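Here the structure is laid out as structure tokens; the discussion comes afterwards.
Note that the coordinates shown come from a computational prediction; the quantities given were computed from them, not determined experimentally. Every number for a ligand or one of its atoms is a count from 1 in the order of the listing.
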Amino acid sequence: MPNTVLIGAPIDEGQRRPGCVMGPTAYRVAGLAQAIGDLGHGVEDWGDMVLPAVQAVSCPNPAVHHLAELLAWTEILADKVDDALSQGGLPIVLGGDHALALGSVSGAARFAARQDRPLFLLWLDAHSDFHTPLTTQSGNLHGTPVAYIAGRAGFEAFPPFPKPIPAERICLYGIRSVDPAEHAALLKHDIAINDMRVLDERGIVAPLREFLDMVRAAGGMLHVSLDVDFLDPSIAPAVGTTVPGGTTFREAHLVMELLHESALVTSLDLVELNPFLDERGRTAKLMVELVGSLMGRKVFDRPTRSF
Ligand SMILES: NC(=[NH2+])NCCC[C@H](N)C(=O)O
Ligand SMILES: [Mn+2]
């Protein structure tokens, strides 16, 4: 197992509710490095990234805000993730809102292209995040990364995405909130939507196994982007865009356990944690536990607490 590299990305410009900027600190306070280290993996914490000075840029869609900041984050985060992978590490990007995936997946894609390996994307989220800066009505760019990654037009202000990921290598999982413009575009691009209806009917395991089998058969790299709102709000309240009907505690752990067993994950985002909305750190702790399962923790490793 490669060394895990923690990259703090205190980004909250992709949406409007303040608080995600505290995400990286909350993960550290909740003991992320220790949880990974306890499983016998090496951990390096590269600290928090800092946004450089930016120049204003305009966008034809007046709703869009903080475009300049997100262009800058995209560039520096792509470099960091590429660096971590180039050093043989497994980057875990501590968000920060989901706009950070514009950069983290760019970095992974650049690295994969240099290695001549196909990159696959597993998007664990309530939302499909398939808007472009031209179609978003909220103007919140955290609703756009999948469109950028898939090579949709409308991202002319951004650096061209290194090697857009073809539809069949993108797996949207846990979806239950898609805007009409996103839905039409997803159908056009032929991107499979594993929404909660599909997962209710087929179960949480089968569609994921099928996807992982494809990754393995292609000798691919796998980037996993885990949004807090993939989880049901009853177990993970610390997120600005809650949608009822999310995955349960056991379903989410099972997804992580399957990912561990596959040994295919090469990079990971933890996004949308808003510690300001949390209840005594329970969402941050749950996210840390999920990373534990992804890194090989088993149910029977859990000590019984009697206090
Ligand atoms: N990563 C997220 N939480 N995305 C929420 C996006 C919500 C909505 N579709 C929008 O574009 O505003
Ligand atoms: Mn998201």
Side-chain angles (χ1 to χ4, degrees), residues 9-23 59 61-67 69-70 73-74 77 93-106 121-150 152 154-155 165 170-187 189 191 193-196 223-233 236-247 252 255 267-278 283 287 290:
I11 298 176
D12 70 351
E13 291 90 345
Q15 40 83 60
R16 286 189 161 91
R17 214 189 245 263
C20 288
V21 76
M22 301 190 288
C59 179
N61 177 357
V64 168
H65 59 95
H66 291 103
L67 178 58
E69 286 78 3
L70 288 167
W73 277 123
T74 298
L77 196 53
V93 181
L94 317 180
D97 69 53
H98 221 160
L100 70 82
L102 296 160
S104 60
V105 187
S106 293
L121 175 68
L122 176 61
W123 197 261
L124 302 173
D125 200 332
H127 307 90
S128 51
D129 295 343
F130 205 63
H131 274 295
T132 77
L134 306 181
T135 68
T136 170
Q137 285 186 308
S138 66
N140 295 336
L141 292 174
H142 73 161
T144 66
V146 180
Y148 182 50
I149 294 160
R152 254 191 105 178
F155 288 86
I165 305 188
I170 297 177
C171 183
L172 305 179
Y173 219 74
I175 307 298
R176 55 202 190 277
S177 168
V178 182
D179 296 339
E182 292 179 282
H183 197 203
L186 284 163
L187 294 177
H189 282 252
I191 294 183
I193 312 171
N194 293 291
D195 57 24
M196 289 311 286
H223 182 95
V224 176
S225 209
L226 171 60
D227 191 316
V228 170
D229 64 36
F230 173 63
L231 307 163
D232 193 78
V239 67
T241 48
T242 49
V243 190
T247 49
V255 166
S267 44
L268 171 69
D269 304 324
L270 306 177
V271 303
E272 295 286 336
L273 176 69
N274 185 333
F276 205 66
L277 305 175
D278 212 353
T283 311
M287 289 292 279
L290 289 171

Does D179 form a side-chain hydrogen bond (donor to acceptor under 3.5 Å, both in side chains) with H131? I'd like the steps, not just the answer. CA-CA 9 Å; D179 296 339; H131 274 295; 2.9 Å; yes
When you measure from the side chain of N274 to the backbone of P18, do you find a donor-acceptor pair of N or O atoms at a distance under 3.5 Å? yes
Do you know which of W123, Y148, F230, F130 makes ring-ring contact (aromatic ring centres under 6.0 Å, His included) with H98? W123
If I take atom CG from residue N140 and atom CD from residue E13, how far apart are they, to the nearest 0.5 angstrom? 12.0 Å
Under the rule for side chain to side chain donor-acceptor pair (under 3.5 Å), what residues qualify as partners of S177, not counting sequence neighbours? none
Near ligand 1, which protein residues have a heavy atom under 4.0 Å away? H98, H127, D129, H131, S138, H142, D179, E182, D227, D229, T241, E272
To the nearest 0.5 Å, what is the distance between CD1 on I149 and OG on S104? 7.0 Å
Non-hydrogen side-chain atoms of V146 and L172 separated by less than 4.5 Å: yes
Partners of H142 by ring-ring contact (aromatic ring centres under 6.0 Å, His included), sequence neighbours excluded? none
A126 backbone acceptor or donor facing D229 side chain under 3.5 Å: yes
If you leave out waters, which protein N, O or S atoms are less than 2.8 Å from the Mn ion (ligand 2)? H98 ND1, D125 OD2, D129 OD2, D227 OD2
